[in-house]
2 protein chains.
Amino acid sequence: MKKVTLKEIAKQTGVSTATVSYVLNNVANQTIAEETRSRILQTAKELGYVPNLAARSLVKQKTGLIGLLINQSTRSESWRKIRYSSLIDEIEAALSERGYHLILHSLDAAAPKLDIIAERKLDGVIVVDARSDRFHHISSHFPRGVPVLVIDSLINDPLFNQLMFDYASAFAQLPELFHQPQNYYAVLDDYNNEELLRHLASLLPLTSEQIHIMQCEEKLKQFINKQKARKGIIINEAIALLAGKYTASEQLTVICTANMAQLLPANATAVAFKQQKGRLAAEQLIQLINRSELAASNKTIKIEAE
Amino acid sequence: MKKVTLKEIAKQTGVSTATVSYVLNNVANQTIAEETRSRILQTAKELGYVPNLAARSLVKQKTGLIGLLINQSTRSESWRKIRYSSLIDEIEAALSERGYHLILHSLDAAAPKLDIIAERKLDGVIVVDARSDRFHHISSHFPRGVPVLVIDSLINDPLFNQLMFDYASAFAQLPELFHQPQNYYAVLDDYNNEELLRHLASLLPLTSEQIHIMQCEEKLKQFINKQKARKGIIINEAIALLAGKYTASEQLTVICTANMAQLLPANATAVAFKQQKGRLAAEQLIQLINRSELAASNKTIKIEAE
DNA sequence: GTGAAAGCGCTAACAG
DNA sequence: CTGTTAGCGCTTTCAC
């Protein structure tokens with residue numbers, strides 16, 4: 001059983017591989033006799049021809065491959081993974097609709113290896129939660145001209161296209177927080193990107209004693225137990241669920257960064273964001289790809305709270 | 001700025017591409033003068049050479065690409081996505097360690113399109129939660145000899161390598177369930193694979209009125225409200241969290257299929273499984289790839305409960 | 001309308 | 001020890 005290639009179809013149809021390629025790709029301004037056309041289409045179907053995208057990539061100089069590179073601080077705790085499950089799914093769905101395939105790859109935030117971008121000749125890349133120190137250093141290794149969109153990473157460089165939540169608008173939903181800051185505490189998700197953490201802290205009218213950065217359940221518990229009757233602002237649903245083990249959930253206001261509000265206890269307060277980050281990311285990246293020749297309109301997009 | 005290819009390195013070093021290839025790949029039984037070797041290595045580093053895997057794939061007839069194809073019944077509810085977030089992460093991690101790259105792709109369970117396998121010449125494929133009717137029909141389209149591992153799908157055909165939880169061993173952890181079945185109800189995760197659902201039901205000493213297949217939160221609520229003081233067996237942590245909104249969580253026993261036990265309320269009973277499904281899947285698939293020439297030892301692996 | 005041929009970047013015999 | 005060469009499967013220019 002021979003491999004089904006263009007050449008094989010060409011042979012069986014008695015035409016050249018060029019003609020077969022024209023037909024199968026509906027090449028514009030190549031006029032093909034209707035007879036040959038249907039004959040080729042016919043045998044292609046019979047043989048179950050499927051194009052080899054590696055070969056195509058080689059000549060077209062684009063692969064149709066997008067990388068989703070997620071920085072992981074640690075792989076150990078599985079509950080942390082819900083942070084991006086919705087994001088991943090949305091991105092995959094949106095890219096699929098546009099004919100792209102997704103390569104999912106995780107990075108060591110402390111020492112990201114980005115070879116995959118060049119090796120696989122990725123058409124575009126979405127980087128999630130990158131440390132800006134590492135990122136700067138490494139970004140020079142980027143193959144020239146590969147569009148990159150950075151998510152959840154505050155990078156102080158207009159060179160990078162960024163996408164993140166508008167946390168200020170989320171906190172603005174909580175007027176009481178600003179009137180009575182002493183009644184609150186906050187738990188931040190432990191982003192690798194320290195600038196983002198600092199940014200979050202700066203938006204909250206709280207002292208550093210009132211702010212905890214998530215590390216592990218035990219530390220969270222200790223922190224919450226010290227907060228007495230205060231109300232909690234929790235970033236990320238999974239963390240909120242853990243927090244719910246140590247305080248009454250009606251005391252909690254959850255900033256829903258994982259699109260998982262439904263899993264929260266009914267009596268917790270939830271603040272969600274207006275748009276799906278994943279879909280937005282995918283669309284944005286595709287735009288970048290399509291006009292990567294032009295000066296990239298390096299904007300930072302922020303998604304507002306509902 | 002020229003593209004950095006083997007040819008370019010060859011030119012700059014004054015040797016042939018073959019020699020460069022030998023050096024860069026440490027080809028065994030090719031003895032290279034230490035002087036040339038280091039010169040090549042040197043300029044390769046300077047130029048920041050990265051091999052083009054598409055080109056390599058073409059000649060080596062393997063791509064280093066693994067497909068993770070997940071059947072989705074619906075994309076609408078984001079909380080469902082936690083079902084596989086741990087699995088995806090484990091698989092990606094394990095494959096990465098072995099030098100493979102992961103293509104994540106979702107399938108429409110009712111009409112799965114598997115072209116990606118042939119197009120991308122995937123070296124192996126993991127299919128998750130497939131309807132066996134669709135799967136049989138479609139599996140004939142599989143490129144010959146591509147190793148496939150099927151997860152969470154009961155397929156009555158020894159031809160397929162399968163991996164799933166040993167639910168019987170999970171239920172066996174609950175002796176009371178079998179002594180007092182009238183005191184229980186169960187909520188099953190809504191797998192696309194109907195055989196799996198039937199299998200689960202057959203393992204439970206419950207009537208069909210006592211068993212609910214998850215559809216949406218509202219239906220779940222109605223079902224639970226009818227159960228009075230009964231205790232619930234819930235498959236999947238996310239569903240358990242939803243169920244927890246409508247019944248006391250100490251009444252719940254959760255079969256943890258998503259590796260997210262930590263997110264459950266402390267007073268719920270959790271039953272977990274011994275091994276990480278994702279890691280096991282990746283390792284199993286790699287084995288299949290490495291000896292795909294031999295008669296595939298088509299076994300079904302079941303992961304026992306702790 | 002169709003085909004010959006060059007080449008994308010790389011590997012692997014086979015010569016030398 | 002190193003180079004020549006023939007592809008891998010496909011696209012595309014240019015001729016016929």
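Quick note on labels: first sequence line is chain A, next is B, and so on, each numbered from 1.
Across all their heavy atoms, B:Pro147 and B:Asp123 have their closest contact at CD-O, 3.3 Å. When every heavy atom of B:Gly64 is checked against every heavy atom of A:Arg120, the shortest pair comes out as O-NH2, 3.4 Å. Closest non-hydrogen pair, B:Glu90 versus B:Asn259, comes out as OE2-ND2, 3.2 Å.
Within 4.0 Å (heavy atoms only), B:Ser57 reaches no atom of the nucleic acid at all.
Taking atom NZ of B:Lys60 as the reference point, atom C1' of D:dG7 lies 15 Å away to the nearest angstrom. In this structure, B:Arg37 places its CZ atom 12 Å from C1' of D:dC1, rounding to the nearest Å. In this structure, the NZ atom of B:Lys62 is 19 Å from the P atom of C:dC10, given to the nearest Å. A straight line from CG of B:Leu58 to C1' of D:dC10 spans 8 Å, rounded to a whole angstrom. For the pair A:Glu34 CD and C:dT2 P, the computed distance is 10 Å after rounding to whole Å.
Listed by chain and residue number, nothing satisfies the side-chain hydrogen bond (donor to acceptor under 3.5 Å, both in side chains) test with A:Asp108 (two or more places apart in sequence, or in another chain). With sequence neighbours excluded, the residues that form a side-chain hydrogen bond (donor to acceptor under 3.5 Å, both in side chains) with B:Glu8 are B:Gln12.
Judged by distance alone, the side chain of B:Thr63 and the main-chain N or O of B:Lys121 form a donor-acceptor pair under 3.5 Å.
Remark: A:Gln61 is not in phosphate contact with D:dT11, judged by side-chain N or O atoms under 4.0 Å from OP1 or OP2.
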Which donor-acceptor pairs under 3.5 Å do the side chains of residues 47-56 of chain B make with protein atoms, sequence neighbours left out?
unit_1  : atom_1 : unit_2  : atom_2 : d
B:Asn52 : OD1    : B:Ala54 : N      : 2.8
B:Asn52 : OD1    : B:Ala55 : N      : 3.2
B:Arg56 : NH2    : B:Asn25 : OD1    : 3.3

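The stretch residues 16-32 of chain A comes close to DNA chain D through A:Ala18, A:Ser21, A:Tyr22, A:Asn25, each having a heavy atom under 4.0 Å from the strand. Of the residues in residues 46-56 of chain B, those lying under 4.0 Å from DNA chain C by heavy-atom distance are B:Tyr49, B:Pro51, B:Asn52, B:Ala55, B:Arg56. Contacts between residues 4-14 of chain A and DNA chain D, defined by a heavy-atom separation below 4.0 Å, involve A:Thr5, A:Leu6, A:Lys7, listed by number.
Tested against B:Leu69, the residues B:Val150, B:Ile116, B:Val128, B:Ile126 include a single side-chain contact (heavy atoms from CB on, under 4.5 Å) partner, B:Ile116. Under the side-chain contact (heavy atoms from CB on, under 4.5 Å) test applied with A:Asp129, the options A:Asn192, A:Leu107, A:Ile151, A:Ile70 reduce to a single match, A:Asn192.
The pair A:Asp133-A:Arg131 meets the salt-bridge criterion, since a charged nitrogen lies less than 4.0 angstrom from a carboxylate oxygen. At a threshold of 4.0 Å, the pair A:Glu92-B:Lys81 does not count as salt-bridged, since none of the basic side-chain nitrogens sits closer than that to a carboxylate oxygen.
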